[in-house]
Each structure stands twice: as structure tokens, then as C-alpha cells.
Protein chains: 4
Amino acid sequence: MPADVDFKAAKRADLVTHAAEVFARRGYHASTMQDIATQANVGKGTMYEYFRTKEELFLAVYDSWMSDFERAVQERVDAASDAMAKVDAIRDSAVEFYERRAHQAPLLLELWAHALRTDNPAFIERIRQTRTFLAQLGANLTQQLIDAGWFVDIDVDAFALLESGISDGIFLAWVLGGMSFPLNRAYTFRQSVIGLGLLSPTGRAVLEQRLGSKLQKGVSPYTSSK
Amino acid sequence: MPADVDFKAAKRADLVTHAAEVFARRGYHASTMQDIATQANVGKGTMYEYFRTKEELFLAVYDSWMSDFERAVQERVDAASDAMAKVDAIRDSAVEFYERRAHQAPLLLELWAHALRTDNPAFIERIRQTRTFLAQLGANLTQQLIDAGWFVDIDVDAFALLESGISDGIFLAWVLGGMSFPLNRAYTFRQSVIGLGLLSPTGRAVLEQRLGSKLQKGVSPYTSSK
Amino acid sequence: MPADVDFKAAKRADLVTHAAEVFARRGYHASTMQDIATQANVGKGTMYEYFRTKEELFLAVYDSWMSDFERAVQERVDAASDAMAKVDAIRDSAVEFYERRAHQAPLLLELWAHALRTDNPAFIERIRQTRTFLAQLGANLTQQLIDAGWFVDIDVDAFALLESGISDGIFLAWVLGGMSFPLNRAYTFRQSVIGLGLLSPTGRAVLEQRLGSKLQKGVSPYTSSK
Amino acid sequence: MPADVDFKAAKRADLVTHAAEVFARRGYHASTMQDIATQANVGKGTMYEYFRTKEELFLAVYDSWMSDFERAVQERVDAASDAMAKVDAIRDSAVEFYERRAHQAPLLLELWAHALRTDNPAFIERIRQTRTFLAQLGANLTQQLIDAGWFVDIDVDAFALLESGISDGIFLAWVLGGMSFPLNRAYTFRQSVIGLGLLSPTGRAVLEQRLGSKLQKGVSPYTSSK
DNA sequence: GATGAATGAGTCTTCATTCAT
DNA sequence: GATGAATGAAGACTCATTCAT
């Protein structure tokens, strides 16, 4: 029955929300199923009606977050008028996502760590799903900027991958640094550095021939296009 | 007696090495003190003669790694002749460090996650120690490159922080992506993108006035110089 | 639901009974939670569903004993017709309590020792609860005996306290002496000595003026009445 | 060599003194051999040159205390001129002993508890040694008081045993009551109650024939003399 | 004789998961 | 479907004792 399915789905989502709170507050290992059940006002056994294991619940929390994030990004990108605005939309989405979840941020690290350890391939797959989503979006936009004459010719896949890594790296620095600087400033600074380049005219002339070709080779021989 | 101290220190270092292996293989939570003791060919109780808790051992492993890393970076930088070579030295050190410890890399994530959760401030402090070391080194070199006319004027502290974050971000992307591309390629690509800039002459002219000032403002209002 | 509560309370009481057996046989420190769980035919984890710690279980055992004792004393005292009979009732209750629990008696010493060491104030409070109960009962009866003309005027609080201490002291002598004499004989002997006095007419005349006043001053300046 | 023996004996006594401090402060179970060795400024291994086990050390501490106590009592009693003064001397010795060791008192309970549990018969034997010493002293003095006409005829062994038990009982009440009253007041009150008796002339006349014979029967059929 | 490094048996306690109601 | 009582595997940590130096 659709009604039943909807009911179960809604309750499941509710449990995920409460689990997210507890996980974020205490961390994955320190959170007990009892904690979460109590927080969600259900019995401990009920949790197992909706999630086979604690690990599955952990994944559900992450999936919920990333689905929200992807949806938000997609909406903003769709609403943006041109490629430049779409780039800004992605950046703003990321900043907002991280800032609104500042206190949940450490849990992301725990999940990444867990994903690399567990036998369960679903974790790493879910992580890559978002990375792929962002990579395709980024590659697409980069190509548009190249076609429009804004950017020089470049390996768009490698560049999108790099951008994605940089984004996570800034977040990491922000969290490990105690969130002591405004996250959005860091993102715009990053954009400026990469967008404009650091080189003075003199320096640029010298290095142009030495580094120019690398921009087109990109990161990986497997993913390099063009 | 120095002999005693040396002996204890050597044994402690040995235990740390074995602990690093087990931690790297199984992860922090899944590793037991018994595992590590067995690996090190000592009794369980012996571990506690050298480390008060499992957590302290974890920190010792991290400290050992980062001390090695800092030492290696410093040596290479000292050996390099000019600023450009020193920049390459840092990059190469990082790449080597991460590649040689590829299988231990996930443990870094666990440590970061742990550092953000534990009451023990020593973890976050040790992390910041390395970040500070790199930030100062990076700011110093950047300033030299500016003074030498290679780089345009820029907030060197913010830039060093960004570089450090980017470095971790690339590592993260590499690890979470299953180490499916050569790490050193990613680092040189990053260097090219940042060093040369992506903008074509046309694009550069338009954005120069819009973004130029941000390069000098940097990330944080507190650390902005010049 | 009352039914649930009753069920849990009954099970808890059952665990206490089994714990009392094991504690009495092996002593507090030598008894393990596993021992007790096995004795009670439950899993080790079940113990912790009913008692947060081994210490809490220890207190529960003591509380159970003393509640039984207080109930038994109260019943007998209520059933006794006059003050003299009530005094006998208390003595008989104590003798019976200790004799029926002869093999558990050493555990009382362990508990007293523990009560004086632990940070948990509940132990000392529970001990004092019984002492207060007996002290009030004793003071009350003593006052009745004074009013009835049997006893000379005396500090009833101090006397009740003394009696209580003497009672424990006899028990102590009995236990440490290997229970080599009948406990009830010791109690009646004590009663005779105190009740009748040891002094011959000659001795009494001489000491009367030297000691008489002390009877009314009692033990403590704070509690001295009349 | 006597010199060696003396040296060992002195060092042993020193270790006992330090052990007594640690045991008194932390309790027997919570004290570690390391604690004691540190307190005594010797190596952990050295402790085992003087005491085979921790238990043996515990006994040595108790033995040291009780030997001191017995010596003190004997000296005072020897110095007292008549039987009445000797009685006071015993009481004063006990009060002083307990008061000077107020903070060590809980350890006595632990020792008693331990003595009743351990397979090692030396504990219970050492306890009985002191009790025998006091019982003989007490019986002796009581007989003198009877012979001198102060006391009525009574089972002196039973009475001495009772007195000893009462003494411990008062101590127990004092310790468990948080030492909230002056110990010496309790002892003199006890002496008054027992020495003078509580009965008024009327009450005494009625009870004399009912209780009188019991005074001569005493506590135990095994130890009753006369 | 003195030492302290090494040891592992021993114990409390936690908690994910199951399953009878 | 919901529950929570029951469970036992698991693990960090302690500490008396030994013994090589």
C-alpha cells in the first residue's frame, strides 16, 4: 500500500533526523542506539525495524545530508542564468551547507574515515556519488567557460576534481582550525586566487612555456580528456 | 642515566612503530591494545608502561609521523637553493610523505575526527603545530616570491593557509577516490593552475578589477596584512 | 503499568538475594559480577540492567538486609505488651538476625569498611538510617522505663547510642572470636550486667557520688538532655 | 650478624610505617605496592625483599599497631598503683589509641573483614592475641575488684570478654557516626552505666532475683570459670 | 641487596543485536 | 508494528609478582 510505504518512509526519515542530531553531538562511536531511540522517542527495538544495523543508520544519515546538498546545489544552479552565476551558485551552496552544519562537520570526517575502513562498499559508493555529481557539474561549467572564452583550454575533468578536493580541503582547514575565520571569505579568496592567477606579467612570461602544457594534461591519465 | 633514558625512548619508539602498523591496518577503534602488544612482541601490560592510555598511543603515532614529516620538509627546504626550489621541495615532501604512507593515510582521517571529539586538547594542538609550521614556511616563501617579482602582491598568510588546505584536500580526494590517480600529478597540476592562472587575456581583463582587491584582503579580517 | 514495575522489582529482589549469597560466600572484592550472574542464572549484562555498578548492588544487598531487620524489629516491638517486653523484643530480634545470618556476618564488616572509604554517601547514609531507627526506639523505651520507675534518670539518647554500639561490639567479638559462644547468652549477659549493675552495696555507696552525675550528662554535650 | 639483622629489622619497620600511612589513606585494596614503595622511597622490588606478599605487609602493619597498643597498655597498667587506677589506665589507653589513629580507624575494619576471609590464619591469630591479652588483664583486674569487695561475684572471663566487645562497639559507633562525639566521653559514660547500674532501688529489688544468677553464669559455657 | 621493566590473569563495564510478548 | 528485557562478546586497564641486571 502506498500509504504504508509513505508512513514507513516518513518515520524512517524522522529517525534519521534524530540520529543525525545524536551522531553530530556525540560522534558515531560514542552514540548508542539507545541514545538515538530515546532522542526519537521510540523503543530501542524499533530502530531495528527501520535499519538493519547501526552502520546502515550512519549511512542513512550521510545519504540524507548529501541528498539535501545535491538537491540544493541543483536548484541553485538551475536558477542561475549563466555559467558564471552557476559557478557562484555552487560555491554559495557549499558554504551554506557547511556553515549551517558546522557542528555536524566533524561527523563528516568520521564518516570518511569509516568509509575507508568498512567492508560495506555502500559508504564509498555514496561518497563517490556526490563527488561524481559535483565533478560532472564542474566539468560541464568549466567547459562552458572555456567555450565562452573566459578560460584557457584545460583538462576540465581534472580541474573539476581539483576544485572538489580544494573545497573539501578548505572545509578541513576551517574545522581543524577551530572555525576561526569566516568560511565564505576563504571560498571567495580561493576563487580569486585560482581565477585570476598569482603571476605578475614578468613572472607569467617566464613560466608560461614551462607550465602551460600541464594545464592540459590534467591529473590522471585515466580521466584526461582532450 | 642517559643510557636508561635512551633505552626507554628507543623501546617507546619501537612500540609506536608497531602501533602505527596495527592502527593503519585495522583502524583506531578496531585495533586492540592486545593486537598491538602482540605485534610488538610484548605483554599487554608493557604497553601501559609506556603509554597511559590507548589514546595517548594514538597521539604518539601521529606525533611520530608529523615529526618525521616536518623534519623531512625542513631538510629539503634547507637544501634547496632558491625560493622556487624550496616551493618544489615542500610539494615533493608532501607527495612523498603521503605516497609512502598510502596505506596509513586513512588513519589520518580517523585522527582528525578524533581530535575534534576528544576532550584531550593535545590532539588539536599537535595538528595545529604542523599547520603552523607549514603556514610560516609557506608565508615566508610566498613573500620571497613577491619580493622577487614573481608573484603579485597578496596576503601571504591567507595564501599559505589556503595552500595548506588545498594540499589536504587533494590528499582527501586521492584517498576517497581510491588512489586512482598519481598523487604527484595532482600536486603539479594544482601548482600549475594556481601558478599560471586559468584566465585567457580577454577574461583576465574583465575580471581584474572585480577580483583584484580580494587577493590582498585574504581570508580573515584578523590576519589581513598590507 | 504496575505489573511491569512489580515484575522488575521482583526480579531485582531475586538478583539481590543471589548476590547476597555470593557476596557472603566469597566477600565483596572476591566476588565477580560473573559469579553473581551465574548464580542468578542470568547473563552478565542483565545485572547491569538492574544495578548500575557492582557497588550499587552491594548497597542493595545491605539495604535489603537492614530493611528486613528493621521490619522484624518493628513487628516484634509492636506485638510486645509493655516496655520491658519491647526491650526483650529488640534484643531477640538482633540475636536472631545475626544468628540466622551468621555466615553473612563478615560481609557486614566489609560493608562498614567500604562505607568509610567510598565517595558514595549512600552507604554511610543507609547505615545511619538503621542506627537512627534503633536509637529512637531505644531512647523511647528507655524513657518509658525511667517514667515507670525502673530506671534512674539518665540521658536516654546517649544510653541508646551506647546500647547500639554495645550490640555491634558483641557481634564483633562473637564473629572475630570464631562464634565460639552462643550469641544469645552474650546478649542476656550484657543485659544483666547493665540492668542490674555490678556494684555491691558497699562499692555502690562509695561510687555513687563520684559517678552519679555522669549518668545524666551522657556522651555528648550536644545531645545531653535534662 | 646482629648488625645486619638490626639493619634489616629497622628498614622493615620503616617500610611498615610508610605502608601504614598509605593503607590508612587509601585503604588496603586501593593501595598498590607501587604507592607504598614510592612513599617509602624504595623500589617496588625492594618491598618483596622484606614481605613475601602484600597481605603479609598488611598483617605487619596491624601487628605493629597492636604491639604498640599492648605495650602502651602494659606500661600504664604497671605504673598504676591500684586496681581502680589500672582500670582507668586501660580505658585511657584505648581512647588514646583510637583517637590518635582516628584516620587509620577504617583500616581496622578492613583488616577485621580480611581476617575473616583469608585462608591465612595468621590474621585471626594476631587479632585473638590482643583480645586474649586484654581478656586476661581484664579478668585479672575484675577478680581483684571482686576480692576487694567492690564488685559482686561475677564470671570474670565473660565480663572481660564483654568489656572488650563493648570497647570495640563504641569505637565502631564512633567511626560510623562520623566521629561526631568525643570518644573519651563515650568511654566514661560506658563505665558509669556499667559501674553504677541503672536500676533505682525499687527496680533493683524486683529484678535482683531474676537476673542475679546470670551474672555468675556468664557468656560461654566453654570459658566460664568459678 | 636493590631495582624496575615486564607480564598476563583478572574484572568491570558497554552496547549492538535479538526475540518473545 | 512496537517494545525493551536479556545477552555475551569484547576491550581497556590494573596490579601483584617475578627476575635479570
Side-chain angles (χ1 to χ4, degrees), chain A residues 4 7-8 11 15 29-38 40-58, chain B residues 1 3-4 7-8 11-12 15 29-38 40-57, chain C residues 1 3-4 7-8 11-12 15 29-38 40-57, chain D residues 4 7-8 11 15 29-38 40-58:
Chain A
D4 273 17
F7 180 77
K8 278 214 86 171
K11 180 141 192 184
L15 295 182
H29 282 100
S31 297
T32 69
M33 291 300 268
Q34 179 64 75
D35 284 342
I36 296 166
T38 301
N41 261 309
V42 299
K44 208 185 332 177
T46 305
M47 300 303 300
Y48 288 87
E49 295 287 326
Y50 294 85
F51 307 95
R52 256 195 307 271
T53 63
K54 188 187 178 186
E55 201 188 27
E56 187 177 308
L57 177 57
F58 191 24
Chain B
M1 255 50 84
D4 277 17
F7 184 77
K8 280 213 90 171
K11 178 137 193 184
R12 195 186 136 105
L15 296 182
H29 281 101
S31 298
T32 70
M33 289 301 266
Q34 179 64 73
D35 285 343
I36 297 167
T38 301
N41 259 308
V42 298
K44 203 191 332 175
T46 303
M47 299 304 301
Y48 288 89
E49 291 287 323
Y50 292 86
F51 307 94
R52 261 194 303 270
T53 61
K54 187 186 177 188
E55 201 189 26
E56 188 176 307
L57 177 57
Chain C
M1 251 55 80
D4 275 17
F7 183 78
K8 279 214 92 171
K11 178 139 194 183
R12 196 185 134 104
L15 295 182
H29 281 101
S31 298
T32 70
M33 289 301 266
Q34 180 64 73
D35 285 343
I36 297 167
T38 301
N41 260 310
V42 297
K44 204 188 331 176
T46 304
M47 300 305 300
Y48 288 88
E49 291 287 322
Y50 293 85
F51 308 94
R52 260 193 304 269
T53 61
K54 188 185 176 188
E55 200 189 26
E56 188 176 307
L57 178 56
Chain D
D4 274 17
F7 180 76
K8 278 213 86 168
K11 180 143 189 183
L15 296 182
H29 282 101
S31 297
T32 69
M33 291 300 268
Q34 180 64 75
D35 284 343
I36 296 165
T38 301
N41 261 308
V42 297
K44 211 188 327 177
T46 306
M47 300 303 300
Y48 288 87
E49 295 287 326
Y50 294 86
F51 308 95
R52 256 195 306 272
T53 63
K54 187 185 177 188
E55 200 188 27
E56 187 177 308
L57 177 56
F58 192 23

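In what follows, chains are A, B, ... by sequence order, proteins preceding strands, each numbered from 1.
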Which whole-number value in Å describes the distance from B:K11 NZ to E:dA5 C1'?
-> 7 Å
Which atom of C:A30 lies closest to which atom of C:D35, heavy atoms considered | O-OD2, 3.9 Å
Report yes if at least one side-chain N or O of A:Y50 is closer than 4.0 Å to OP1 or OP2 of F:dG1; otherwise report no.
-> no
Please state how far atom CD in B:E55 lies from atom C1' in F:dC13, giving the value in whole angstrom units.
-> 14 Å
Determine yes or no for a side-chain-to-main-chain donor-acceptor pair under 3.5 angstrom, with A:K11 supplying the side chain and A:Y50 the backbone.
-> no
Residue whose nearest DNA chain F nucleotide is more 5′ - B:M33 or C:V42 | C:V42
What is the distance, rounded to the nearest whole Å, between atom CG of A:L15 and atom C1' of F:dT3?
-> 14 Å
With a 4.0 Å cut-off on heavy atoms, is B:T38 in touch with a base, just the backbone sugar-phosphate, or nothing at all?
-> nothing
C:T32 vs E:dT11: side-chain N/O to OP1/OP2 distance below 4.0 Å | no
Euclidean distance, atom CZ of residue B:F7 to atom P of E:dG4 [Å, nearest integer] | 15 Å
How is B:K54 classified with respect to the nucleic acid when contacts are heavy atoms under 4.0 Å: base, sugar-phosphate, or nothing?
-> sugar-phosphate
Using purine N1 to pyrimidine N3 plus N6-O4 or O6-N4 for Watson-Crick, or N1-O2 and O6-N3 for G-U wobble, both under 3.5 Å, which nucleotide pairs with F:dA10?
-> E:dT13
For C:T53 against C:Y48, the heavy-atom pair lying closest together | CA-CE2, 4.4 Å
Listed nucleotide nearest any side-chain atom of A:Y48, set F:dT7, E:dA2, E:dT18 = E:dT18
So what does D:G43 touch, heavy atoms closer than 4.0 Å: a base, only the sugar-phosphate, or nothing?
-> sugar-phosphate
Distance, rounded to the nearest Å, where B:L57 contributes CG and F:dG11 contributes P | 16 Å
Looking at side-chain heavy atoms only, is the closest gap between B:E49 and B:V42 below 4.5 Å?
-> no
From C:E56 atom CD to C:M47 atom CE, the distance as rounded to the nearest 0.5 Å | 11.0 Å
5' precedence on DNA chain E between A:R52 and D:M47 (nearest-nucleotide basis) | D:M47
How long is the line joining CZ of B:R12 and P of E:dA6, in whole Å?
-> 14 Å
DNA chain E: D:T46 or C:Q34, which has the more 5' nearest nucleotide?
-> D:T46
Pairwise distance NZ(A:K44) to CD1(A:I36) - rounded to 0.5 angstrom | 12.0 Å
Between F:dA16, F:dA6, F:dG1, which nucleotide gets closest to the side-chain atoms of A:K8?
-> F:dG1
When we call it a touch if two heavy atoms are under 4.0 Å apart, what does B:F51 touch: a base, just sugar-phosphate, or nothing?
-> nothing
To the nearest angstrom, the CD-C1' distance between B:E56 and F:dA12 comes to 14 Å
Tell which nucleotide pairs with E:dA20, taking only Watson-Crick or G-U wobble pairs whose two distances are both under 3.5 angstrom.
-> F:dT3
Closest nucleotide of DNA chain F for B:K44 versus for A:K44: which of these residues is on the 5' side?
-> A:K44
Figure out the CD1/P separation between A:I36 and E:dT17, and round it to whole Å.
-> 11 Å
